[in-house]
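Notes for the one structure printed next.
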Amino acid sequence: DVKVTQSSRYLVKRTGEKVFLECVQDMDHENMFWYRQDPGLGLRLIYFSYDVKMKEKGDIPEGYSVSREKKERFSLILESASTNQTSMYLCASSLAELPSGYTFGSGTRLTVV
Amino acid sequence: SQQGEEDPQALSIQEGENATMNCSYKTSINNLQWYRQNSGRGLVHLILIRSNEREKHSGRLRVTLDTSKKSSSLLITASRAADTASYFCATENSGGSNYKLTFGKGTLLTVNP
């Protein structure tokens with residue numbers, strides 16, 4: 001069963017901490033994405049990647065960075081966590097060669113206190 | 001930036017009835033996709049319709065696309081309690097980055113037994 005796995009389902013971190021959210025896919029997908037989802041705001045794209053070591057900013061990249069050292073893994077980094085980064089974080093992947101749906105992970109609900 | 005806007009924001013129906021959700025968007029698209037999200041989980045891809053298609057079916061799902069009106073509808077026939085979820089439309093915009101999707105804020109569908 002192909003899937004996207006996010007390392008944590010729930011996470012509580014303190015303000016100022018450096019936070020790593022990990023995402024791994026086993027479908028050999030080229031594209032990977034990080035979204036955050038907030039009530040009333042829907043899904044907003046933070047960063048995406050088309051290839052290893054390649055990244056592009058989405059709509060709300062401020063306060064975040066990403067790393068893609070291997071094709072199957074895409075990490076989201078909160079350099080210094082703040083309370084306004086409390087959110088549901090969703091990772092997704094897709095094929096590059098033809099339009100296809102995204103496969104999403106189950107999400108990480110991050111609370112910054 | 002939000003592209004798709006779903007309507008209504010919330011919909012409550014009885015089991016066995018049909019549910020119709022609408023999505024409007026602003027710019028030219030390559031394709032439009034519909035996703036389902038059960039409470040607190042990741043999104044699941046339902047169906048993709050290309051800009052040169054007008055209607056598509058998948059099981060109890062029927063999607064229409066009207067590019068002249070920049071709108072789409074998702075019809076779920078003979079609804080079941082298990083269809084209770086949030087439904088999102090997402091657009092891949094023409095001229096945009098490879099297969100990057102922009103999501104709407106979703107319609108919350110409740111199917112009462």
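Letters A, B, ... are given to chains in the order of the sequence lines, protein chains preceding strands, and every chain is numbered from 1.
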Going hydrophobic residue to hydrophobic residue with side-chain gaps under 4.5 angstrom, can you get from [X] over to [Y]?
X: A:Y47; Y: A:V24; answer: no
X: A:L76; Y: A:F74; answer: yes
X: B:W34; Y: B:I13; answer: yes
X: B:V44; Y: B:L32; answer: no
X: B:I29; Y: B:L48; answer: no

For [range], give me every residue with a non-hydrogen atom less than 4.5 Å from any non-hydrogen atom of chain B.
range: residues 105-113 of chain A; value: A:G105, A:S106, A:R109
range: residues 7-16 of chain A; value: A:R9
range: residues 77-90 of chain A; value: A:M88, A:L90

Inset, instruction - Identify which part of B:Q37 has an atom lying under 4.5 Å from any heavy atom of chain A, answering side chain, backbone, both or neither. - result: side chain
Inset, instruction - With a 4.5 Å heavy-atom cut-off (strictly below), which parts of residues 53-85 of chain B touch chain A? List them by number. - result: none
Would you give the length of the straight line joining atom [atom1] of [X] to atom [atom2] of [Y], rounded to the nearest 0.5 angstrom?
X: B:L43; Y: A:T103; atom1: CG; atom2: OG1; value: 11.5 Å
X: A:Y102; Y: B:K100; atom1: OH; atom2: NZ; value: 8.5 Å
X: B:F103; Y: A:Q37; atom1: CZ; atom2: CD; value: 9.5 Å
X: B:T102; Y: A:L43; atom1: OG1; atom2: CG; value: 10.5 Å

Legend entry - Proximal component of A:Q6, with respect to chain B [non-hydrogen, under 4.5 Å]: neither
Legend entry - Minimum-distance pair of heavy atoms, taken over all atoms of B:L101 and A:Y35: O-OH, 2.8 Å
